[in-house]
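Counting starts at 1 for both ligands and their atoms, following the listed order.
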Amino acid sequence: MKNYKLNNKNLSNISERISTPQYDRSKLKTGIVHVGIGGFHRAHEAFYTDQLLHDQSVTDWGICGVALLDFDTKIYNTLKEQDGLYTLIVKELDGTHTKRVIGSIVEYLFAPEDPIKVIEKMASPEVKIITLTITEGGYNYNEATKKFDFSNPLIQHDLKHPQSPKTIFGYLTQALKLRKDRGLKGCTIQSCDNIQGNGHMTRKMLLSYVESAEPNLVQWIESKVTFPNAMVDRITPVTTPSDISNLIETSGIEDAWPVVCEPFIQWVIEDDFIEGRPAWETVGAQLVENVVPYEKMKLSLLNAGHSVLGILGALIGYSTIDEAVNNQNIRVFLNNYMDVEVTPVLGNLEGINLKDYKQSLLERFGNINIKDQIDRICSESSAKFPIFILPTVNSQLDNNGSIKLAAFVIAAWAIYSLGKDENGNELNIKDALKSLLNEKALASINNPKAFLEIASVFGKLKESPAFGEAYTKAYENIMNNGIEKCVIEMNTNLIYKD
Ligand code: CS2
């Protein structure tokens with residue numbers, strides 16, 4: 001079999017082997033600018049949009065992918081070399097791979113190379129929507145102050161150098177200013193990150209920045225820009241070298257950066273697009289009036305479930321999520337966490353069968369073909385815990401509900417932050433707060449609650465006597481007996497409901 005490099009020129013040869021875009025990419029206008037062209041965007045929004053573009057009458061919704069950080073050079077160069085094309089490999093439950101070439105990203109820009117080009121593109125009249133996957137930590141929100149963090153040196157840089165920004169806030173502000181100054185229309189800014197009320201958060205953080213940087217722009221944004229909330233979902237592990245070589249071996253396609261993902265996909269979006277939107281509902285997205293309950297459910301069950309499996313699994317020495325959830329003791333622990341501590345805080349979820357949802361999560365986590373990396377899940381835990389786990393703990397504390405299992409996971413995270421698993425192997429910790437976490441983890445050896453002093457993560461949690469007690473008990477128990485023994489003990493104290 002002859003190998004083909006993935007690019008426009010080879011597309012018709014490649015289409016004899018796997019599905020390729022059956023629409024004329026050269027006719028597409030760019031209606032969407034997306035910031036953060038990592039795996040998740042390419043498995044999710046770009047996939048939905050690719051499907052939509054197969055309706056030949058849709059020509060307004062090509063995507064321009066923006067790589068914002070220096071760190072993103074590789075993905076930018078890859079997309080440039082491959083004419084924006086990449087392979088999406090869905091790893092099915094039965095072990096087969098469904099592959100297709102995605103064509104919805106028709107332009108790509110590297111912000112550090114030419115910031116003005118990015119600002120101009122965001123301000124272009126044909127762009128109606130700016131979507132974001134900038135990670136949970138990217139919103140510059142400080143949990144301790146509940147405000148925008150102006151002490152971030154990058155924000156200070158953007159305030160001083162508006163024409164060469166480094167953060168999303170600097171870019172959006174300049175682009176919206178251009179729109180206003182040129183008498184153009186507003187647009188929709190849509191977050192695709194895992195944050196409760198991600199649209200509200202984006203609006204609040206952007207307006208905080210704009211109040212300082214361009215106070216005269218505030219009112220214009222308030223009337224001309226909308227920020228729909230959305231729940232996004234598709235497990236997308238990091239692409240491995242063997243995914244790349246496997247694609248060559250099985251299909252003869254040389255793709256420097258294919259994306260691998262699970263079959264499940266979901267996107268629930270509030271229908272609040274001031275300048276119109278693609279008919280994503282025709283390809284499976286759900287457009288609703290109020291997405292809050294869906295977000296809460298997903299963040300506090302799926303994402304939190306991931307963090308539970310990640311931290312406990314890492315300490316035991318596992319490297320993938322399926323290994324952790326397929327350990328029956330850990331699985332029962334997670335099930336108890338979802339039933340006993342999360343379910344009571346979810347309130348009324350009209351139209352959703354929570355029991356089925358939780359069951360489906362265990363199946364998705366357990367998919368042995370996905371091999372979702374525990375390193376990926378545990379990375380940036382300091383940005384994830386405040387969104388995925390702590391709201392549950394705080395609600396449970398307010399209602400005098402159980403917090404034992406969450407306290408156990410947080411104690412395990414303190415021990416994880418020491419940097420070694422229970423077999424003495426080095427953990428690969430990636431976190432913006434890595435050194436602070438480690439410093440507090442070391443202090444915790446003599447005073448377990450020291451870890452809770454990180455106010456930007458835990459807020460006022462350390463002041464709760466009930467939490468402090470459960471946490472300290474769990475910490476000491478794990479230190480003395482190891483994760484698995486403690487998990488078994490906790491499971492026997494709770495009845496596992498199937
Ligand atoms: C994961 C998410 O980052 C994480 O910790 O929980 O990336 C998760 O895989 C996605 O949100 C799935 O939709």
Side-chain angles (χ1 to χ4, degrees), residues 36-48 88 90-91 131-139 191-198 201 229-240 259-269 284-286 291 294-314 318-322 324-325 334 337-338 342 357-358 360-367 369-392 409-410 412-413 416 427-433 457:
I37 29 183
F40 180 73
H41 168 70
R42 288 184 291 145
H44 194 260
E45 179 185 336
F47 164 76
Y48 277 108
L88 184 66
V90 178
K91 297 190 169 175
T131 56
L132 315 173
T133 42
I134 53 172
T135 78
E136 293 80 25
Y139 290 79
S191 166
C192 300
D193 283 296
N194 289 309
I195 295 181
Q196 180 71 47
N198 54 7
M201 173 67 97
N229 294 306
M231 180 265 247
V232 295
D233 195 5
R234 187 168 227 184
I235 295 174
T236 310
V238 179
T239 305
T240 62
V259 178
V260 293
C261 64
E262 65 168 343
F264 182 91
I265 186 163
Q266 194 175 19
W267 197 6
V268 189
I269 318 168
Q286 292 159 262
V291 80
Y294 293 93
E295 288 183 315
K296 206 166 164 186
M297 172 185 82
K298 194 254 169 167
L299 297 169
S300 53
L301 290 169
L302 185 145
N303 297 108
H306 258 164
S307 295
V308 169
L309 295 172
I311 296 292
L312 303 188
Y318 295 141
S319 54
T320 60
I321 288 294
D322 57 292
V325 79
L334 174 62
Y337 172 68
M338 296 199 289
V342 185
Y357 183 76
K358 289 185 276 190
S360 80
L361 291 184
L362 294 178
E363 275 161 27
R364 291 169 63 194
F365 293 155
N367 182 343
N369 305 305
I370 294 288
K371 297 264 164 282
D372 195 7
Q373 301 87 354
I374 280 185
D375 280 355
R376 177 185 90 84
I377 296 300
C378 295
S379 71
E380 306 307 334
S381 283
S382 66
K384 292 175 179 174
F385 270 63
I387 301 170
F388 301 166
I389 297 196
L390 300 178
T392 301
V409 177
I410 293 170
W413 181 29
Y416 166 95
L427 291 163
N428 178 15
I429 300 181
K430 286 195 216 109
D431 201 299
L433 298 190
V457 173

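Relative to the ring axis of Tyr48, Arg234 does not place its NZ or CZ within 45° and under 6.0 Å from the centre.
For ligand 1, the polar-atom distance check against His306 finds a nitrogen or oxygen pair separated by under 3.5 Å.
Counting only heavy atoms from C-beta outward, the side chains of Phe388 and Glu136 approach each other to under 4.5 Å. Side chains of Ile370 and Asp322 form no contact here, defined as non-hydrogen atoms less than 4.5 Å apart. The shortest distance between side-chain heavy atoms of His44 and Thr236 does not fall below 4.5 Å.
Looking at atom 8 (C) of ligand 1, its nearest protein heavy atom turns out to be Asn303 ND2, 3.6 Å. For atom 3 (O) of ligand 1, the nearest non-hydrogen atom of the protein is Lys384 NZ, 3.0 Å. The protein heavy-atom contact nearest to atom 9 (O) of ligand 1 is Arg376 NH2, 2.8 Å.
Residue-ligand proximity, Arg234 to ligand 1, at heavy-atom distances under 4.0 Å covers atoms 12 (C), 13 (O). Within ligand 1, counting atoms from 1 as listed, the ones closer than 4.0 Å to a heavy atom of Asn194 are 11 (O).
The closest approach between Glu136 and ligand 1 stays at or above 4.0 Å for every heavy atom of the residue.
Side chain of Glu295 to main chain of Gln196: no donor-acceptor pair is present (N/O by atom type, distance under 3.5 Å, no hydrogens or angles).
Minimum heavy-atom separation, Thr392 to Ser300: OG1-CB, 3.7 Å. Heavy-atom minimum distance, Cys261 versus Ala43: CB-CB, 4.0 Å.
With atom 10 (C) of ligand 1 as the reference point, the heavy atom nearest to it among Glu380, Gln266, His44, Lys298 is part of Lys298. Taking only non-hydrogen atoms, the option from Thr135, Asp233, Ile370 nearest to atom 12 (C) of ligand 1 is Asp233.
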